[in-house]
Amino acid sequence: MINMNVTDNYFDYVKKHSEYKVVVYGAGNMTRKNYKFMGHIDFFCDQNAKNIGKIGNISCLMPEELKKFNDRIIILICIKNKKVVFEVCSMMEKQHINAEIFSFFQNPAFSQFDDSEYIYEVNPKNKLKINIVYNDDGWILGKFAQKLQEELNKLGYEVSITEEEDKLADINHYIYYGDLTEFFDKPNAVRTVMITHIDSVVKKDLIRYQTQNGVVGICMSSDTANKLTMWGIPGNQLCYVNPAQDGEITPRKIVLGVTNRCYHQNDFRKRDDIIIEISRKIDPCYFKWKIMGSGWDKIVEKIKEMGFEVDYYEEFDKEIYKKLMPSLDYWLYYGFDEGAMGFLDALAAGVKTIATPQGYHLDAKGGLTHPCSTIEDFIRVLKRIQEEKKEIADTVKDWTWQNYARKHLEIWHYLTHTKPLKDLYAHQSEYTDGIFSLLMSNTSAR
């Protein structure tokens, strides 16, 4: 019969039973590296014994040769994979080998780092059963619960919202971490909590208590996650997923103003058709025109055809003009004729200007925001303004409820070991929150 000895110190046991033969099972790299530190060895044993022959001066036996020992033997298994160790023990049990068995990787005689608990072994499951724990009080957190459920449902997952945990669920996710204050059992489900903000010691200690009981906190920001880590909460129990926005708000269009009559065919110092050239190079999603002055009909028609919104006032109206000028974001002028009086009104209204550097435009110190002399100058300035607006909007373009749900799924599949790491790492370098903010146990499956 075999006995798996997990209590005795290996060296102490061998010393007490010096009459027993000692066999080291497994002749891999770990054995070859450490056998000189294992004390007295009579034999090695390995399935590849015929090819190995000897290690040092010690013979290597085939596993079936262990049956030749009539007396009890001591076997030190030097194999790290627990599944293989189990198979070896089962084999020896079936062959009625009389042995006291020790593990090189699980014995106090051999001090070493045991990384077995960090091994990521996959138990595939495509669709998790998810329960969102939330006592709907009409607060904004209710929106997080509902949106998370909606998006997860779209992805084909079974999701419920209840006031208590579902013991049959794979995941119990608390929308408000303050609702999880007691632990009476350890269900099979993984527990996660949404962490909004930590502004007191009691809240910090509640998170510490939760993580000590296996809960993983999903913060709303890297700032909160970093603070909690700094306060001693383990990094493998914390991560963050940035909140989502509805995608219903678009940037207000930048209002470009022109307040002069259009007569470029008669006055060659002005090229009013420059507006057409400029409009071809900028995006109507980001700009609209406000034009006051006669003679612009054909040009207005052309830029409208390009998709631009245009407020056109053919006749000068002083009262409208006084309201129009402060409503502009930028006032444009492209002529070379000493200057335009509209320039003064734009400055009086606190409006930025994109105009030619000439005449009294130059004497209003600091008033000429963007001096432009050529069509390319105007286009370059407006494209830069457009890009600045776009960059701001783009910072949250991917902060959607769909991505919010997907990032939670990646975390939950990792915590339940239901998807391989190669799938969970598929979006690396696309974002840094979600699973990539969690200190993972390992970065490779075994």
Side-chain angles (χ1 to χ4, degrees), residues 1-124 417-425 440-446:
M1 61 173 289
I2 66 169
N3 177 53
M4 192 69 187
N5 193 324
V6 295
T7 56
D8 292 331
N9 181 290
Y10 171 77
F11 288 130
D12 291 343
Y13 188 89
V14 170
K15 187 176 180 179
K16 289 179 183 178
H17 300 85
S18 58
E19 71 277 15
Y20 294 170
K21 295 291 185 182
V22 176
V23 178
V24 174
Y25 194 106
N29 291 333
M30 189 62 71
T31 297
R32 294 170 184 271
K33 178 182 176 182
N34 294 289
Y35 77 92
K36 292 180 180 179
F37 305 103
M38 295 176 181
H40 174 73
I41 300 171
D42 292 297
F43 299 98
F44 291 104
C45 183
D46 194 276
Q47 290 182 341
N48 197 32
K50 291 181 180 179
N51 294 324
I52 295 171
K54 289 185 178 183
I55 298 177
N57 294 318
I58 304 171
S59 298
C60 190
L61 307 176
M62 292 291 292
E64 55 267 25
E65 293 183 82
L66 295 176
K67 293 187 292 183
K68 72 180 183 180
F69 296 100
N70 296 320
D71 296 327
R72 192 166 183 79
I73 58 175
I74 297 172
I75 297 178
L76 177 62
I77 298 180
C78 193
I79 299 172
K80 202 165 191 178
N81 190 306
K82 291 181 179 180
K83 183 179 179 181
V84 175
V85 172
F86 176 79
E87 291 172 353
V88 169
C89 291
S90 297
M91 176 272 294
M92 288 190 283
E93 186 75 49
K94 291 177 181 178
Q95 293 186 6
H96 304 290
I97 294 168
N98 186 15
E100 192 77 11
I101 299 178
F102 294 84
S103 171
F104 177 73
F105 297 97
Q106 289 181 301
N107 193 275
F110 307 102
S111 180
Q112 58 187 300
F113 176 68
D114 180 12
D115 65 353
S116 58
E117 66 177 289
Y118 303 99
I119 295 174
Y120 186 87
E121 295 181 351
V122 183
N123 301 305
H417 288 218
T418 47
K419 279 200 174 180
L421 290 179
K422 66 179 180 65
D423 291 348
L424 299 178
Y425 270 91
M440 299 172 73
S441 295
N442 209 332
T443 55
S444 59
R446 298 187 185 181

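The structure presented is a predicted model; accordingly, all values stated were derived computationally and were not measured.
- Cys45 approaches Pro63 most closely through the heavy-atom pair SG-CA, 3.5 Å.
- Across Thr7, Asn5, Asp12, a single residue satisfies side chain to side chain contact (heavy atoms under 4.5 Å, CB included) together with Asn9, and that is Asp12.
- At distances below 3.5 Å, not a single donor-acceptor pair connects side-chain atoms of His417 with backbone N or O atoms of Asn123.
- Side-chain contact between Ile74 and His40 is absent, with no heavy-atom pair separated by less than 4.5 Å.
- In plain terms, the two heavy atoms of Tyr25 and Gln47 that are nearest each other are OH-CG, 4.4 Å.
- For the residue pair Cys89 and Ile77, the shortest heavy atom distance occurs at SG-CD1, 4.0 Å.
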**OP:** Would you please test Glu19 and Asp71 for side chain to side chain contact (heavy atoms under 4.5 Å, CB included) and show each step?
**Re:** CA-CA 9 Å; Glu19 71 277 15; Asp71 296 327; over 6 Å; no
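- Side-chain atoms of Leu61 and Lys68, non-hydrogen and from C-beta on, do get closer than 4.5 Å to each other.
- Ile55 CD1 to Phe43 CZ: the interatomic distance, rounded to the nearest 0.5 Å, is 13.5 Å.
- Across every non-hydrogen atom of Met92 and Leu66, the tightest pair is SD-CD1, 4.0 Å.
- With rounding to the nearest 0.5 angstrom, the CD atom of Glu64 is 8.5 Å from the CE atom of Met91.
- Asp8 contributes no side-chain N or O that, together with a main-chain N or O of Tyr13, makes up a donor-acceptor pair within less than 3.5 Å.
- In this structure, CD in Glu93 is found 10.0 Å from CG in Asn3, a value given to the nearest 0.5 Å.
- Atom OH of Tyr35 and atom CD1 of Ile41 lie 8.0 Å apart (nearest 0.5 Å).
- In terms of heavy-atom proximity, Phe104 sits nearest to Leu76 at N-CD1, 3.6 Å.
- For an aromatic pair to be called close, the ring centres must be under 6.0 Å apart, and Phe110 with Phe102 fails this.
- Checking Val85, Ile79, Asn81 one by one against Lys83, the side chain to side chain contact (heavy atoms under 4.5 Å, CB included) holds for a single residue, Asn81.
- Exactly one residue among Ile97, Ile2, Asn98 makes a side chain to side chain contact (heavy atoms under 4.5 Å, CB included) with Ile73. That residue is Ile97.
- Nearest heavy-atom pair across Met30 and Asn34 is O-ND2, 2.9 Å.
- Rounding to the nearest 0.5 Å gives a distance of 8.5 Å between CE of Met38 and CZ of Phe11.
- Rounded to the nearest 0.5 Å, atoms CD (Glu100) and OH (Tyr10) are 11.5 Å apart.
- Without hydrogens or angle criteria, Asp42 side chain to Val23 main chain gives no donor-acceptor distance under 3.5 Å.
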**OP:** Take Gln106 and Met4 through the side chain to side chain contact (heavy atoms under 4.5 Å, CB included) test and state the conclusion after the steps.
**Re:** CA-CA 11 Å; Gln106 289 181 301; Met4 192 69 187; 5.6 Å; no
